[in-house]
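Residue numbers start from 1 in every chain, and the chains themselves are labelled A, B, ... in the order their sequence lines are given, proteins ahead of strands.
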2 protein chains.
Amino acid sequence: MSVDTVIETLRGQLGDKVVVTDADAIAPWLTDWRGRWTGASKALLQPSTTQEVATIVKACNEAGVPLVAQGGNSSMVGGATPNPDGGSLLLSMRSMNNVRMLDAEAGTVVAEAGVILANLHDTALKRGLRFPLTLGAKGSATVGGLVSTNAGGTQVLRFGTMRGLTLGLEAVLPDGTIHDGLGGLKKDNRGPSLDQLLIGAEGTLGVVTAALLKLAPAPVARSTAFAGVKSPAAALRLLRRMTDLVEGFELLPHDSLEAAQRHMDVSSPLASKHDWYVLVEATQAKGQEDARALLERLLAYAMEDGLVEDAAIASNEAQSEAMWRIRDGLSDSEKQVYGLATQHDISVPVDAIPEFLKRVKSEIEREWPGSWVSGYGHLGDGNIHLHVRAMDRACEGWQESEGKEIGRRVHDLVTEAGGSISAEHGIGQMKRDELARLGEPARLTMLRALKAALDPKRIMNPGKLIP
Amino acid sequence: MSVDTVIETLRGQLGDKVVVTDADAIAPWLTDWRGRWTGASKALLQPSTTQEVATIVKACNEAGVPLVAQGGNSSMVGGATPNPDGGSLLLSMRSMNNVRMLDAEAGTVVAEAGVILANLHDTALKRGLRFPLTLGAKGSATVGGLVSTNAGGTQVLRFGTMRGLTLGLEAVLPDGTIHDGLGGLKKDNRGPSLDQLLIGAEGTLGVVTAALLKLAPAPVARSTAFAGVKSPAAALRLLRRMTDLVEGFELLPHDSLEAAQRHMDVSSPLASKHDWYVLVEATQAKGQEDARALLERLLAYAMEDGLVEDAAIASNEAQSEAMWRIRDGLSDSEKQVYGLATQHDISVPVDAIPEFLKRVKSEIEREWPGSWVSGYGHLGDGNIHLHVRAMDRACEGWQESEGKEIGRRVHDLVTEAGGSISAEHGIGQMKRDELARLGEPARLTMLRALKAALDPKRIMNPGKLIP
C-alpha cells in the first residue's frame, strides 16, 4: 500500500483535523529548530487520543509506511525530523496534551505525550508540587520527547533523569498494540521493565502516549551561589561535600562567562576573576534546613580549605535568576560572541572529568592549531558540554568539514575515557554513524536485535539511533 | 554437539575446579531451598572470572546446550532450578565473589555476581557505608540473583529496588559477548539502557557477572516503632504522612502476630490487642534529625488524629531487633503454627490496597468455605504477602490441588485491581503459565520478541519467565 493510500485511509477513519496534508501547515515541522536537517512528509498526523495513535500505527505497520513521532521539535540531533525522501509520515503528538490525573497526596501525575514541560511545571505548582526536571527548551519540549530521549537537565544531581522520574508509561507498540503501564505499581517483577525499554529509545521501538511521573514537594525557598574555583578538580572535591544537599552544580570556565557578559549584558556575580566557576543551587521544602544558611555553611567550610577562592550568594530571587541566566545563555552567547563552534554533548565518569578536560584541550588544540576548547556543564553527573571553537578559521561549512573531524576525535577521546558520545541529547541521525563506529559490540548487537524483534518492518523513526 | 561433548570441551579449557561432574557435589543445588522443584544436570560449572563465564556461554551457545545460572539458590519460584530432563548445565556464580572496588567518597561499589548480600553489607559497613537493601535470605542470596530478580525487601520505601540501586552491569550475553556497563556514567543517552533490560530478566537474556551499586551513608542510629491500627486504610493514611521520612513501613494482621508469638517465643511489643499493626523504622545519618524524636513526633500526631490506637517505640537496639524478628519470622511461623497455606507474592497500586484486601478476603473465604485469608507486607510499595490458609482441610497435596485453584483466583482478583502477580519473587517456572494467562498482550509480545532476538537458541534459563 502506498503512502497516499495510507493517508486517504486514515483521513477516512480520523478526519481532516487529524490528517493534515496542507503543505504550509506541515512545513514548519519538517526542519529541526536549529535548521540543520530538513525532511519531507506528505502528511502531518495530529491524533488527540491513544486510540487514534493506535489506529495510525496499525495502518502504517500494515502498509510498511514509516512514522516519525515528534513532540516540541526541539531535538538537538535531528531525532524528530523525517528523512528527506518523503516516504514517511510525521506524527505530531502535540494534540495529546492533557494532564489526565494529579494525585497530590501520592505525588504523582499522568501527563500525555504532548504536554509541554513548562505547562507541567505550572500544573504541579498550582497543587504545591513540582516536576523536578527542567531544561532550556521547557517552553517547547514535550513529555513524550523528554521520555523518549531520557532528558536530564539541571536538577539531575538530586532528582535524576526521566528514567528515574518515570513510574510508568502508556505507549503504542510498532504493531499498533497499546501498552498500558500507568497503573503505578511500585513493585512489579514480571520480567524486565518494558517502560524502561522505551525510555531513551527515541521513538524507534514505539510511540510514548502518556507517562506516570513523580512529583516533588514545591520548594518554599531556594538559594543560589556563584563561586570561583581554581580547577575542575577543586570543583569535584567541592561537589563531593555537597552531594545530596544541593540540586544544581554547574561548572563553567572563565571564557564562557566572558561570552555571556558580552552578549547578554549580564555582569559577573563576583568582582574577582577566576579560571573556573561553579553555580550551586540548594532548595528547601517545608521543614528543611534554610537553603541560604546551608550554602553559607558549605561555602565557608570550602573557603577555609581553599577549595573555593571567592563566592557570592544571591540575596533575592532576582539575583538567583541572574545567575541562572548566565548558565542558560552560555551556548547562545558563545555562538554570538566567538562565532562558530562544534559543540559536543558527552559524558565521562565523574572522577575522570578533570583529567579528561586537560587531555581533550591539549590534544585538540595541538592537532588543530588555532582551535580553542572549553567545557562546562553539570559536573555532578559527568555531563560536559564541550565546545571547540574555530576562532579565526570559522566560515560557512566549517562545522561540516573540519568540525566533523574534530567531533570524531573528541568522540575517540571520550570513548577512551570510558564515556558516552551522548550524555543528554540522544543519538538521532546526527550521531548514528559514530555510535556504529565506537559503540561496544554488545550494545550494538542488542540495539539491532531489539529493533528487529519489536519493529521488524522498521516503521518507527527510521534512520535514527539504531546503528 | 551433545551435553557430554560440551562438558569435556569445557573441562579441557577450564579444568576440574570449574567443571564439576561429581553427582554428590551437584545434588544440593538441583533442588530449590524450599524443596518444591528438583532438576537434573550432568555438570556444575563454577567459573570465577567473567572470561570463564564467557567461555562457558560461548561453548553452550554453539552447541545449543542450555545454561541455568544460579546464585544462592534462594528463589521462591523455581527460577534457578534446572529442568528435570537433564539437558541443561548448572552455572553456579558463587565463585565470582569479589568486591572489585568500593569508592567511599562516591558511594559506589562493584560487586561480582556471587557476592552474598550479608557480606556486601559487612564490606560497606567497614567503610562507614551501607548497601540499603536487605531481605530474609541475605545470608545466601547473591548480587547476581538480586539483580536478575530486581529484588526489593524491607527498605524499598526509601531506597527503591535493585533497579534503582544498580548504576551499571557487567554481563555475558547469550552469544558469549561481554557487556561492560560498570563505567558508572550517570548520564548516557545512547539509546535504551541495556542494563535495565537485564534487571529482572531472571537470567533468560544473559548472565549478570558484576554490578556497580549505590551505597548510602551508614545510619548512626535507628528507631523502630510498633503500632496498633484499626485497618489497612488507617495504615495507608499514616504512611502518607511518613513518606520520605521513614524507611520501613510493614503492615501485619493480628493473626500473623499471634503465629509469631506461638512459634518463636517472642512477645508483642504492645500490651493491647489490635486488628492490624504497623512496624515503622526511621534511620538517621550524620547531621539528620534524631530518629527516635522523629518517630515520637509522627506517632503522637497520628494518635491525636485517631490513626494510631497504641504505639511502642523501641528504646534500644535489642528491642528494635525483637520487633524485626517478628516481621522476618512471620512466614515461617504461620507455616509452623497454622500448617499449610498458599502464599501469594502480589502487588496492587498503593491506593487500592485497603479495598483489595477486603475484596480478596470476602471472595476467597466465600468460594472456599473454611479457608482463611491474611495479608501483610511493605504497605508503602503496594506489595502484599497474601496467605490463604487451608485450616482443617490442609493435607499433603493440598497446595498442588485446591491451592493452585485458589492461586489462580487470587491472580484474577489482582489483575482486576490493576496489580501484578509477582511483586518480589519473579515469575520463574512457578508463575509462567499464569503470566501467559493474565499478562497484557503488549507485555507478552515484547517478552517473547526480546527472547527471540537476544537468545534465538533459547539457551538461557529455559522454561523460566518467558511465556
Under 4.5 Å from a heavy atom of chain B, the part of A:Ser148 involved
neither
Is it the side chain or the backbone of A:Ile178 that comes within 4.5 Å of chain B heavy atoms, both, or neither?
backbone
Side chain, backbone, both or neither: which part of B:Thr149 has an atom under 4.5 Å from a heavy atom of chain A?
backbone
When B:Pro441, B:Gly183, B:Gly191, B:Ala171 are compared by non-hydrogen pairs under 4.5 Å with chain A, the top option
B:Gly191
Say whether, by atom type as modelled, one donor and one acceptor occur between the side chain of B:Lys214 and the main chain of B:Gly164 under 3.5 angstrom.
yes
Under 4.5 Å from any heavy atom of chain B, what part of A:Asp180 do you find: side chain, backbone, both or neither?
both
Test item: A:Asn383 side-chain N/O and B:Lys187 main-chain N/O as donor-acceptor pair under 3.5 Å
no
Residue part contacting chain B, namely of A:Thr161, when any heavy atom lies under 4.5 Å:
side chain
Contact part of A:Ser422 toward chain B, heavy-atom cut-off under 4.5 Å: side chain, backbone, both or neither?
both
Report the residue from A:Lys431, A:Arg437, A:Arg432 that forms a salt bridge (charged side-chain N to carboxylate O under 4.0 Å, His left out) with A:Glu434.
A:Arg437
Quick one: of A:Leu197, A:Leu465, A:Ile346, A:Leu205, who has the most non-hydrogen atom pairs under 4.5 Å with chain B?
A:Leu197
Is a side-chain donor or acceptor of B:Arg158 paired with a backbone partner of B:Pro132 at a separation under 3.5 angstrom?
no
Under 4.5 Å from a heavy atom of chain A, the part of B:Ala201 involved:
both
Just by modelled atom types, is the A:Glu170 backbone N or O under 3.5 Å from a matching donor or acceptor in the A:Thr209 side chain?
yes
Hey, is the main chain of B:Thr204 close enough, under 3.5 Å, to the side chain of B:Lys464 for a donor-acceptor pair?
no
Heavy-atom pairs under 4.5 Å with chain A, option from B:Asn189, B:Asp103, B:Leu185 with the top count:
B:Asn189
Can you tell which of A:Ala423, A:Gly107, A:Gly181, A:Gly439 has the highest number of heavy-atom pairs within less than 4.5 Å of chain B?
A:Ala423
Can you say whether A:Leu173 sits under 4.5 Å from chain B via the side chain, the backbone, both, or neither, judging by heavy atoms?
side chain
Is chain B contacted by the side chain of A:Glu202, its backbone, both, or neither, given a heavy-atom distance below 4.5 Å?
side chain
Is it the case that the side chain of B:Arg443 and the backbone of A:Arg190 share a donor-acceptor pair, with hydrogens and angles ignored and the cut-off at 3.5 Å?
yes
Under 4.5 Å to a heavy atom of chain B? For A:Ile199 that would be backbone
Between chain A and each of B:Ala449, B:Gly426, B:Ala452, B:Ala442, count heavy-atom pairs under 4.5 Å; write down the option with the most.
B:Ala442
Looking at B:Gly418, B:Gly152, B:Gly419, which has the largest count of heavy-atom pairs under 4.5 Å with chain A?
B:Gly419
CE (B:Met76) and CD (B:Glu424) are apart, to the nearest 0.5 Å, by 9.0 Å
Any donor and acceptor pair, going by atom type alone, linking the side chain of B:Lys451 with main-chain N or O of B:Pro467 inside 3.5 Å?
no
Less than 4.5 Å to any heavy atom of chain B: does that hold for the side chain of A:Arg448, its backbone, both, or neither?
neither
What part of A:Val156 is in contact with chain B, defined as an atom under 4.5 angstrom from a non-hydrogen atom: side chain, backbone, both or neither?
side chain
Per-residue contact mode, B:Leu435 against chain A (heavy atom under 4.5 angstrom)
side chain
Taking atom CG of A:Leu165 and atom CG of A:Leu212, what is their separation to the nearest 0.5 Å?
11.0 Å
Has the side chain of B:Asn461 got a donor or acceptor atom that lies under 3.5 Å from a matching backbone atom of B:Gly203?
no
Using a 6.0 Å cut-off, check whether atom CZ of A:Arg237 has over 12 heavy atoms from anything other than its own residue.
no
Contact part of A:Asn150 toward chain B, heavy-atom cut-off under 4.5 Å: side chain, backbone, both or neither?
both
If the plane angle is over 60° it's perpendicular, under 30° parallel, otherwise tilted; pick one for B:His425 and B:His385.
tilted
Which atoms of B:Thr177 come close to chain A, meaning under 4.5 Å heavy atom to heavy atom: side chain ones, backbone ones, both, or neither?
side chain
